[in-house]
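Quick notes on the structure that follows.
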Amino acid sequence: MDEKIDRILISEDEIRDRVEQLAASISQDYQDRGPVVLIGVLKGSFIFLADLARRLTIPRVVEFIAVSSYEHGDTRSGAVRLIMDVRDSIEDKHVLIVEDIVDSGHTLHYLLDMLQSRRPASLKSCALLRKAERAEVDVTVDYVGFEIADEWVVGYGLDYSERGRTLPYIGVIAT
Ligand code: IMP
Ligand code: MG
């Protein structure tokens with residue numbers, strides 16, 4: 001796998017430091033609020049969520065949700081489909097969506113809309129990466145790890161047709 005990476009964009013150390021900072025801000029913001037329900041968006045968020053969840057110093061619960069946004073490889077359609085829902089009700093709970101990357105914003109927009117209709121006590125979002133210049137819908141991301149340029153990246157949970165997902169760093173793939 002490594003030989004297919006053009007270059008490393010964000011190193012393992014940089015990711016670790018940033019996740020630590022994000023966990024510290026989130027822990028501070030959610031202090032005295034009761035448990036936060038972390039909803040990881042599968043599959044891309046699984047490694048980020050695992051690291052983030054373990055660094056929080058506040059009570060937390062882990063849930064997962066799965067959506068499909070791209071029908072064919074990385075082709076963009078804007079249509080988001082729910083594939084797997086969370087197990088428990090989020091009504092009156094403090095909910096934080098944990099995403100790998102916000103690209104066009106369609107996925108996060110869909111999730112915020114859908115989860116808000118279930119009347120959580122609060123609803124916020126956290127994404128490890130954001131490609132701001134690709135935004136097609138205006139969506140607030142409360143916690144962003146890194147702003148990146150418009151390039152396809154893999155590693156630390158992110159994939160290109162299932163390739164590169166378990167790399168420890170974020171790299172630009174040679175396509
Ligand atoms: P959006 O709906 O366009 O914001 O896309 C969000 C989803 O597209 C993310 O959760 C990823 O699964 C996927 N995605 C977008 N850009 C990349 C990338 O550069 N690498 C890997 N996955 C990506
Ligand atoms: Mg994703």
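When a ligand or atom number is given, it counts from 1 through the structure's own listing order.
- The heavy atom nearest to atom 19 (O) of ligand 1, out of those in Lys131, Lys43, Glu99, Arg130, is found in Lys131.
- Across Thr107, Val153, Asp150, Ile101, heavy-atom proximity to atom 11 (C) of ligand 1 is greatest for Ile101.
- Between Val153 and the options Leu167, Ile170, Ile173, a side-chain contact (heavy atoms from CB on, under 4.5 Å) holds for only Ile170.
- By the side-chain hydrogen bond (donor to acceptor under 3.5 Å, both in side chains) test, Arg54 is found to be paired with Asp51, residues two or more places apart in sequence or in another chain being considered.
- Residue-environment remark: CD (Glu162) exceeds the threshold of 12 foreign heavy atoms within 6.0 Å.
- Residue Asp103 touches ligand 1 through backbone and side chain together, judged by heavy-atom distances below 4.0 Å.
- In summary, the atoms of ligand 1 found under 4.0 Å from a heavy atom of Ser104, numbered by their order in the structure, are 1 (P), 2 (O), 3 (O), 4 (O).
- When each atom of ligand 1 is checked for a heavy atom of His106 under 4.0 Å away, the hits are 2 (O), 4 (O).
- Defined by atom type and a distance below 3.5 Å, a donor-acceptor pair is missing between the side-chain atoms of Asp13 and Tyr169.
- Between Glu91 and Arg118 there is no salt bridge, since no side-chain N of the basic residue sits under 4.0 Å from a carboxylate O of the acidic one.
- Residue Ser125 is tested with Leu115, Thr140, Asp142, Val139 for a side-chain contact (heavy atoms from CB on, under 4.5 Å); the sole match is Asp142.
- Under 4.0 Å is where a charged nitrogen must lie from a carboxylate oxygen, and between Arg7 and Glu151 at least one such pair does.
- Using a 4.0 Å cut-off to heavy atoms of Asp159, the atoms of ligand 1 that qualify are 21 (C).
- For the pair Gly105 and ligand 1, a heavy-atom separation below 4.0 Å is found.
- Of all the atoms in ligand 1, the ones that sit under 4.0 Å from a non-hydrogen atom of Asp100 are 9 (C), 10 (O), 11 (C), 12 (O).
- Contact atoms of ligand 1 toward Leu158: 20 (N), 21 (C), 22 (N) (distance under 4.0 Å to a heavy atom of the residue).
- Close contacts of ligand 1 with Glu151, meaning ligand atoms under 4.0 Å from a residue heavy atom, involve 19 (O).
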